[in-house]
Amino acid sequence: MASTGGSILRQRRPARPWRGVVRSALAALVALPMAVAAPGAARAAGADDTLALIEARLRDTVADVLTRNCIGPQEPRPFTVTFYGLPIGDPHFTQNDRQRINDLVLTGLREARRVAVDVSAAADAGALAPIAGLGTPDQNQLATALSRLGSSTLPIVLKASRPEPGVARIDLSVFARGADGAYGCNRSIAFNLALESLEPQADSRSPRDYLTLEGAYRLALATLAPRLKSLPGVYLKTSADPACAYLDRAAERFQDAYYGNGTMDFGAGRELPDLLIDEPAAGSDVATLDLAFTVPRQPADTLDILASLRAKGRLLSRQRYAVAAETDELEACRDEPEVADGPPPSGEDPEPVETAGRTVDDAAPPAAPEAADPGDAAGGGGNQGEPAPRADGTVPTVPVPVDPLDAPADGSAAGPAADGPAISFATEPEPEPEPEPEPEPIAVPDPLPPACREAGQILDFSVGPATGRTGDRLSLRALVRQCTPTFFGFASGKVTPIPVRIFEKTETASGATAYESSPRTRAKLYLEETDPLGLNKVVLFCSSCVAEPQKSDLVDWLGGIRDELSSERRAVAATLPGGVGYAIGSVEKVQ
């Protein structure tokens, strides 16, 4: 697996002094009078700035596609525009917000008087709903689907995400029909809106994409349906607490969503299995679907849902969803940490306070300082052995082959992880203990400092997609607390360190830290031709005591999970005997 800083869709051309003149002239050509918006068109109060923004961006976009000869000469003037708004059932917004956004954008397109276009709204916007991404493959699928629909000269498809509970990220994909009748050019108009006022909002980056509760359940069931098709039943286990009315209702609403989707055909050829009342016995074929609700302190009125599907000791699926609950009831669901009557015994950590169905974020101790980058450790001290950045500024991973099954027994596992070309699983022999000196007759020795106790927590670790081919981009997300993670790739008996610096790091309101590398981040991981077919695993270690893992530490940790690495298990999360947490995810490479 290698990393890259992102794909470049087209090569930038050197700036020419006459380009601005041509663009201005083309903008003037398309700036012809057009019909005023139809009576009754929605105009949100205070959204005039948004309408002006849409008009300016649309004019620049049309001028750009004309500059590049993207529109065929046979296309009629004024250009026809078909607007495909957010479909019914969009998981990010309520029905009311979805309609408000669609009406506002459609009004902005229709009132763009300086652009010669004839805008109409499509009645079948839902036909494009399954194509939800914004990457190049998704845009290609959209172009193909628009050709089949027989769309207009300039179809515009609206997609939206929710980086913050009160913010909508708008992305208008504009396609242009060329001389061959295909939509070979596409452009993107992106901006943020405040949901309450529908006014332009400053752009902001966020690893979250907030959904409605029903939207989260809909996505969860769509993801789980292929796994559920062969199961005789499902036992629903939730962390809801009757004392928290909202979470109690949220658990019941999942059952409603489950049976509402049970009549839909997910390609399984049958309905979803029944939800069972009693917890399954050990070894049963019945699966357990665990919904863990967490109420973060910030942002307010939000809810985190972790959906885990387990059967026969295997973790079949694990998905996390951030919900914009839009309610004040969650305030009653945040319990304050209980205060102990006295200090804990010397050398012992205080017992954590557990609450049913909720997470007490303030009870968590502060995160440990960030450890040295394990990718740097694999390449040597300082800049020695560190991979040189590519011309586009991206940094490749550092391949360090390791064979855990044929480890030499020469005791070479000492020193920093980058001192040798490879990491072995041999450990240094224990030195003979030196005899302790006789104590002075009167002096009392100081007590030995207590040994460090591992307190790192792996709250979530996901690797996707489940299967992939050469060139497919991967999605890795880790949520940890009180540790700096160490990542490795494993396949065919070889271990490759994955530098922490390629991940985007985000501090959460609960005191945890999220590390993400996905198709939407700057640095990306992808499957290479050299990656073998079959399971390619990704390993995460989490230690709060070892701030800068040395070669001996990494050897011990990897040696402790050699059986897991060699097994066919796709995912596992556990703790090493010394208290270091680890998690394993995998992607299966196919032809």
Side-chain angles (χ1 to χ4, degrees), residues 20 23-24 26-66 78-88 90 92-122 125 134 152-176 186-206 210 212 299 324 326:
R23 185 180 298 273
S24 300
L26 289 172
L29 288 176
V30 300
L32 301 176
M34 64 166 291
V36 179
R43 180 191 296 272
D48 289 343
D49 290 342
T50 303
L51 299 177
L53 173 65
I54 294 173
E55 178 179 11
R57 297 282 185 87
L58 179 63
R59 185 182 68 166
D60 291 345
T61 301
V62 174
D64 181 64
V65 297
L66 285 174
F79 297 132
T80 56
V81 172
T82 306
F83 173 64
Y84 296 86
L86 297 175
I88 296 176
D90 184 281
H92 300 90
F93 309 103
T94 63
Q95 175 66 13
N96 181 56
D97 285 340
R98 181 194 71 87
Q99 189 64 48
R100 291 170 62 229
I101 293 172
N102 281 347
D103 289 346
L104 178 69
V105 175
L106 180 58
T107 300
L109 296 175
R110 283 175 169 168
E111 293 189 358
R113 294 180 174 85
R114 293 182 294 171
V115 187
V117 290
D118 182 13
V119 182
S120 61
L134 295 172
S152 57
T153 303
L154 291 169
I156 298 178
V157 182
L158 170 59
K159 297 183 179 182
S161 58
R162 202 167 175 177
E164 299 175 27
V167 175
R169 176 69 175 176
I170 303 299
D171 193 291
L172 296 172
S173 295
V174 183
F175 294 82
N186 70 81
R187 300 292 183 269
S188 178
I189 301 174
F191 53 91
N192 283 6
L193 289 180
L195 265 181
E196 183 176 356
S197 63
L198 295 185
E199 294 179 338
Q201 190 89 349
D203 286 354
S204 61
R205 292 183 58 86
S206 171
Y210 288 92
T212 63
E326 299 179 354

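All figures in this text were calculated on a predicted structure; none of them were measured in a lab.
In this structure, Arg187 CZ and Leu172 CG are separated by 14.5 Å, a value rounded to the nearest 0.5 Å. Atom CG of residue Leu195 and atom CZ of residue Arg162 lie 5.0 Å apart, to the nearest 0.5 angstrom. The OH atom of Tyr210 sits 8.0 Å away from the CD atom of Glu164 when rounded to the nearest 0.5 Å.
Contact check for Ile101 versus Ile170: side-chain heavy atoms found under the 4.5 Å cut-off. A heavy-atom distance below 4.5 Å is not found between the side chains of Val81 and Leu58.
Leu53 pairs by the side chain to side chain contact (heavy atoms under 4.5 Å, CB included) definition with Arg57, Phe191, Pro200, not counting sequence neighbours. With sequence neighbours left out, the side-chain hydrogen bond (donor to acceptor under 3.5 Å, both in side chains) criterion links Gln201 to no other residue. Residues that satisfy the side chain to side chain contact (heavy atoms under 4.5 Å, CB included) test with Thr82, not counting sequence neighbours, are Tyr84, Ser120, Ala122, Ser151, Ser152.
For the pair Glu199 (side chain) and Asp49 (backbone), a donor-acceptor distance under 3.5 Å is absent. A donor-acceptor contact shorter than 3.5 Å is absent between the side chain of Thr212 and the backbone of Phe93.
More than 12 heavy atoms of other residues, nucleotides or ligands shown are found within 6.0 angstrom of CD on Gln95.
Of the listed residues (Leu158, Ile156, Ile54, Val119), just one forms a side-chain contact (heavy atoms from CB on, under 4.5 Å) with Leu106, and that residue is Val119.
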